[in-house]
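All figures in this text were calculated on a predicted structure; none of them were measured in a lab. Whatever order the structure lists ligands and atoms in, that order sets their numbers, starting from 1.
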Amino acid sequence: MNDFRAEPPELQDAMLDAVRRVLESGCYVLGREVEAFEHQWASACGVKHAVGVGNGMDAIEIALRMLDIGPGDEVITTPMTAFATVLAILRSGAIPVLADIDPETALLAPESVARCLSSRTRAVALVHLYGQVRRMDDWTSFCEEHGILLIEDCAQAHLATWRDRVAGGFGAAGAYSFYPTKNLGAAGDAGMLVTHDEALARRARYLRNYGETERYHHLEVGLNSRLDEIQAAMLTERLKWLPAFTARRRHIAGVYRAEIYNPQVRQLADPEEPSSHVYHLFVITSDRRDALQEHLQGHEVQTLTHYPIPAHLQKPCLDMRRDSAGLAHSERHAATCLSLPCHPQMSDKDVERVVAAVNSFQG
Ligand SMILES: Cc1ncc(COP(=O)(O)O)c(C=O)c1O
């Protein structure tokens with residue numbers, strides 16, 4: 001599903017130079033590299049502020065806490081996400097409420113979110129699953145209408161744009177993960193929170209660093225969630241390659257969309273516009289998912305499922321509040337989804353091999 005060793009030698013050299021640059025600087029945590037990468041990322045996202053943190057999950061928790069969302073407050077999100085989304089809400093002290101997905105896209109379904117609203121709802125944590133950004137005008141007006149905040153989980157949607165605006169800048173805050181397998185990945189854990197609001201960004205900077213406002217003065221109970229210099233320096237180098245890598249992902253997805261044809265296989269809806277999907281994952285569904293996965297394995301095509309167990313079926317969430325109409329679409333998606341390889345290091349031959357293997361499945 002990924003092949004870091006096949007990355008261009010120029011990129012590998014640039015990453016090694018970045019590490020050397022940091023080691024020679026003698027400054028390893030929250031220094032010039034972090035600041036420089038924060039500026040670049042804020043500008044790439046079209047927001048005023050970016051705050052580097054330890055990982056994507058902390059970015060969501062810190063976003064909630066900087067917005068004063070915590071104990072007693074409800075945050076509506078999807079069960080079809082990395083568990084980290086739900087866990088971040090729990091860690092902020094707030095109460096996750098799970099809404100169902102639209103089966104055509106696997107993204108949150110607005111009518112289900114509407115059923116989950118209560119007097120305690122403070123926010124929707126909208127996950128741009130698989131790299132798709134959709135219907136953002138509907139989401140911003142829905143949140144405005146109900147007096148709640150929009151928080152975007154952009155961990156899978158690096159620089160996806162919707163009507164020329166970049167993921168992360170639509171609501172009160174956006175949270176990015178730079179986990180190694182993400183479209184922009186570090187060589188370890190890293191994350192970033194983005195916001196247009198200066199006061200919120202200042203609070204996020206305190207929160208990521210023990211709640212410290214000035215040396216040895218702790219205004220509130222913070223975290224230790226700092227982005228380190230080596231990761232920031234490497235991300236600066238990797239960011240230069242992101243547009244080409246995203247273009248390659250889109251090309252591969254285009255081939256899959258055009259050439260995969262098998263009555264046993266369904267594709268998700270096309271993106272609303274080409275730039276609104278960055279194909280962190282290319283996901284298909286099949287009622288014969290497990291047999292298809294085995295067939296592909298037999299043809300040396302690796303696949304994964306994102307996600308085999310929706311959040312509400314995970315042990316800590318069994319009693320979690322959810323859409324009163326149930327979460328049937330999420331459960332069905334979990335039982336049928338399959339992620340095909342879709343990464344920038346795949347050759348055209350690799351892509352054709354995947355297409356041929358999927359098309360030859362007979363169920
Ligand atoms: C949708 C989503 N949200 C949050 C996260 C958490 O990011 P991290 O692993 O950097 O904490 C991930 C990464 O797995 C993710 O895919």
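Annotation for ligand 1: atoms under 4.0 Å from non-hydrogen atoms of A84 are 4 (C), 5 (C), 6 (C). With ligand atoms numbered from 1 in the order given, ligand 1 contributes 1 (C) to contacts under 4.0 Å with heavy atoms of V127. Counting the atoms of ligand 1 from 1 in the order shown, those under 4.0 Å from a heavy atom of T81 are 1 (C). Against a heavy-atom cut-off of under 4.0 Å, A82 is close to the following atoms of ligand 1: 2 (C), 12 (C), 14 (O), 15 (C), 16 (O). The atoms of ligand 1 that sit less than 4.0 Å from any heavy atom of N55 are 10 (O), 11 (O). The atoms of ligand 1 that sit less than 4.0 Å from any heavy atom of T85 are 3 (N).
Annotation: M57 places an N or O atom under 3.5 Å from an N or O atom of ligand 1; distance criterion only. Not one N or O of D189 is nearer than 3.5 Å to an N or O of ligand 1, by distance alone. In terms of N/O distances under 3.5 Å, ligand 1 is approached by G56. Looking at ligand 1, you'll find an N or O of K182 within less than 3.5 Å of one of its N or O atoms. Between S177 and ligand 1, an N or O atom pair is found at a separation short of 3.5 Å.
The closest non-hydrogen atom to atom 3 (N) of ligand 1, taken over D153, D58, V86, T77, comes from D153.
In terms of protein heavy-atom proximity, atom 2 (C) of ligand 1 is closest to A155 CB, 3.4 Å.
The six-membered or imidazole ring of H333 lies away from that of H329, with a centre-to-centre distance of 6.0 Å or more. For Y256 and Y279, the gap between ring centers reaches or exceeds 6.0 Å.
Ion pairing between a basic and an acidic side chain is recognised when a charged N comes within 4.0 Å of a carboxylate O; D102 and R134 show no such pairing. One finds a salt bridge joining E220 and R203 here, because a Lys/Arg side-chain nitrogen approaches an Asp/Glu carboxylate oxygen to under 4.0 Å.
Judged by distance alone, with hydrogens and angles left aside, the side-chain atoms of N55 form no donor-acceptor pair with the main-chain N or O of D189 at under 3.5 Å. The backbone N or O of A187 sits less than 3.5 Å from a side-chain atom of Q231, completing a donor-acceptor pair.
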Worksheet item: Could you walk me through whether H277 and Y130 pass the ring-ring contact (aromatic ring centres under 6.0 Å, His included) check?
Response: CA-CA 8 Å; H277 200 331; Y130 307 148; 7.8 Å; no
Item to complete: Quick one: do R266 and D287 satisfy salt bridge (Lys or Arg N to Asp or Glu O under 4.0 Å)? Show the steps, please.
Response: CA-CA 9 Å; R266 294 178 297 276; D287 296 339; 3.2 Å; yes
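No hydrogens or angles considered: nothing links the side chains of H343 and T181 as a donor-acceptor pair under 3.5 Å.
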